[in-house]
Asker: 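Here it is: the structure, laid out below.
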Amino acid sequence: MNERPNGTKSAFAAAASAVGRWFAAAAQWVGRFFVRYWFFIKKILIAIVTLACSTIIIFFILRLIPGDVVREYALSIAQRRGISYDAAYEIAVNLLNYDPEAPIFTQFFKYVGGLFQGNLGASMYVDGVTANSLIAQRLPWTLLITSVALIISFLLGTAIGAFMARKRRGVANVLLNGYIVTSGSIPDYLLGLLLVLLFAYTLPIFPAQGNYDISVCTPGFNLPFIGSVLYHACLPILAYVLSQTGSWALMMRGSAIGVLGEDYINAARARGIGNMTINRKYLKRNAMLPLVTSFAVTFAALFGGSTLMESIFNYPGIGLELAQRIGQKDYFVVQGIMFFSSFMVIAINLITDCIYSLIDPRIRETNK
Amino acid sequence: MSEKQSVRSDPNGGKWGDFLSRAGSTFAALGRTIKNAFVKLFSNGQACAGFCIIIFFILLAIFGPMIFPYDVTTNFSMRFLPPSWEHPFGTDEMGRDIFRQLISGTSNVLQIAFYTGLITVAVGTLLGIISGYIGGIVDKVIQGLANIVLTIPSFPVFLMLAALFTIESPIELALALSAWSWAGLCRSVRAQVMSFRERDFIQICAVMRMSKFHIIVKELFPNIISYVLINFIVAVRNAITGSVGIMMLGLAAYDPTNWGSMLERARNIGLVNPKVIPLLLAPLLAIMVFQIGTVLLSNGMDEIMNPRLRVN
């Protein structure tokens, strides 16, 4: 009889101590985790703060734009329906789902609440059009053009840069240098304009505008549609590649010249390794490493689209949509798309940063 | 000879004479510095060519409208004339001379670009130096701000700000353009300043308890001025790309002879019409030549200031 409470007690104590030990271990583990990955957590926290600040800034810049949207809309309703301005104003407030009288902070909290539900904002003018649906519609077109162009120009540019670093004299180098200076000086949209003029109007080889020709194909996964899309994408991609290759080549040349001075290149030469192998395995890979960061940053920037380029080719990408919505003062859609693109920039930068510090411990040390 | 000596050492005129001779030597030193800078500039082919192009455009902007005054009256009998001696680039859809339009628009384009470059560089350098030299919480705040600005895509913000300012003067458009372009410069100036901060000469100044103001103005700034100058030219180039782009989309109130608005008019008439090609090509060519000038000048200056970069 006496033993039982004792036993339970000891069992209880054992259990308690086990739980305690477990907790201690867990706490230790959590502590160690925090200490070890503190730089990750710090980075994530900084990213969240940056995102919050940029959301606030976008919201308030949009509110600063002069011109009363509701008033303009009400005037147009009053004209169309032949009713008094006050009645039209009430209709406009209801239709736009936007009350200019509401305090700006209430509006802001409503917006942020929507963001947490994944709702980037609905159009003020057209029912059923939201920033989410617009992004889903327009972003694939933008990404198709820009990412293909980015990959082509990156590969081409690094090849040219490595070539220029190896052969620093000669006609080819002078020509390539001229190309780099010229392509770096012409704004990309003007290059696009020139290409449209040349290859779409003067020599009608490529279509001048749009993303596909509705008269030859139906959208879907079929050959004519894909062919038409690619055919329409040629000219924009060409414009991007021509204007971007030069800067990649310049970066690669600088990096490759640095690598060529390293001892391991000389050592490889001394061992009798062929020029091709040195170029491919020793030079290009090492020289490309610093360029990968800029590649990631450039890729992140693609999600904002390029307004000017898309408007030149009348290509229905996200940048063109954004510019049109800014022109219409469609606040909610604009802030949704802007939030999305700055979110992508921050997220991709964060991921690259983290990958880099996992690969290279030196970066971790300096960032502490 | 003895008289001269006595004049120099005259105790009554001493202060004034001292001041004059000091001012004279300062001016002489300044003149020498400028002369040396130009000698260096012209020793580099690239920089020389770029400098000449830019000077040409500046002279065009100042004196061009006096020599070739632009006549805004429309004349429908002279629409879309092909290039001739009288109209080197032909005429536009209203029968106005394109060459003279281009010249009268130069001043507007260059003013916007110049002010934008000036504001961008002033803000970026100032914040970069403060952030890099003072450090601590100030550094964190400024860099956080720069980070935020860098993450928001700039061109849509230009569009919004262009609507925000009622843009009639070039300075206001310049403000809108530079509001979002100082951040990159701020970061790179900060990196430069931080590398200088560890150098001996700055450390010694700090040990000698010189004021921060003195160190920044007299010690740090002269060391990064070449970098800042190059970035000024880069900022001017970006400003032209941005301002012409905004005007080409027709999203800013504008001067109708600005190169960007000439492009917009050409695009509105429609590129299908081959008669519109001169109206399109003339401003395009002008922008290209000017931009090539800026690239050559900034590359050349880079080579002059950093001899390590010289590839060959």
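These values consider heavy atoms only, across backbone and side chains, with no hydrogens, waters or symmetry-generated copies. Model, not experiment: these values are computed from the prediction. Numbered from 1 within each chain, the chains take letters A, B, ... in sequence-line order.
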Asker: Would you mind checking which part of B/Asn299 comes under 4.5 Å of any heavy atom in chain A, side chain (CB onward), backbone (N, CA, C, O), both or neither?
Answerer: side chain
Asker: Tell me, for B/Val244 versus chain A, whether the close heavy atoms (under 4.5 Å) come from the side chain, the backbone, both or neither.
Answerer: both
Asker: Does one side chain, of B/Thr241 or B/Gln291, offer a donor that lies under 3.5 Å from an acceptor on the other?
Answerer: yes
Asker: Counting heavy-atom pairs closer than 4.5 Å to chain B, which one of A/Leu193, A/Ile46, A/Ile57, A/Ile337 comes out on top?
Answerer: A/Leu193
Asker: Could you tell me whether the side chain of B/Phe114 reaches within less than 4.5 Å of the side chain of B/Val236, counting heavy atoms only?
Answerer: no
Asker: Do you know which of B/Leu280, B/Val149, B/Thr294 has the most heavy-atom pairs with chain A at a distance under 4.5 angstrom?
Answerer: B/Leu280
Asker: Can you tell which part of B/Leu145 gets under 4.5 Å to a heavy atom of chain A, answering side chain, backbone, both or neither?
Answerer: neither
Asker: Is any side-chain heavy atom of B/Phe158 less than 4.5 Å from a side-chain heavy atom of B/Leu177?
Answerer: yes
Asker: Looking only at heavy atoms and a cut-off of under 4.5 Å, which of B/Pro153, B/Gly144, B/Pro156 has the most pairs with chain A?
Answerer: B/Pro156
Asker: Using modelled atom types only, decide if a donor and an acceptor are shared between the side chain of A/Tyr240 and the backbone of A/Ile145 within a distance under 3.5 Å.
Answerer: no
Asker: Less than 4.5 Å apart, any side-chain heavy atom of A/Glu321 and any of A/Ile135?
Answerer: no
Asker: Going by distance alone, is a donor N or O of one side chain under 3.5 Å from an acceptor N or O of the other, for B/Asn147 and A/Thr50?
Answerer: no
Asker: Is A/Ala323 in contact with chain B via its backbone, its side chain, both, or neither, using a 4.5 Å heavy-atom distance?
Answerer: both
Asker: I'd like to verify something: which residue of A/Val196, A/Leu194, A/Val334 has the highest number of heavy-atom pairs under 4.5 Å with chain B?
Answerer: A/Leu194
Asker: What part of B/Ile148 is in contact with chain A, defined as an atom under 4.5 angstrom from a non-hydrogen atom: side chain, backbone, both or neither?
Answerer: both
Asker: Tell me which of these, A/Leu191, A/Asn349, A/Ile312, A/Ile58, has more heavy-atom pairs under 4.5 Å with chain B than the rest.
Answerer: A/Ile312
Asker: Under a plain distance cut-off of 3.5 Å, with no hydrogens placed, do B/Arg197 and B/Gln192 share a side-chain donor-acceptor pair?
Answerer: no
Asker: Heavy atoms, side chains only, cut-off 4.5 Å: are B/Met288 and A/Leu190 in contact?
Answerer: no
Asker: I'd like to know which of A/Phe339, A/Phe343, A/Tyr189 tops the heavy-atom pair count under 4.5 Å against chain B.
Answerer: A/Tyr189
Asker: Out of A/Thr182, A/Val345, A/Leu51, A/Asp188, which one racks up the most heavy-atom pairs below 4.5 Å with chain B?
Answerer: A/Val345
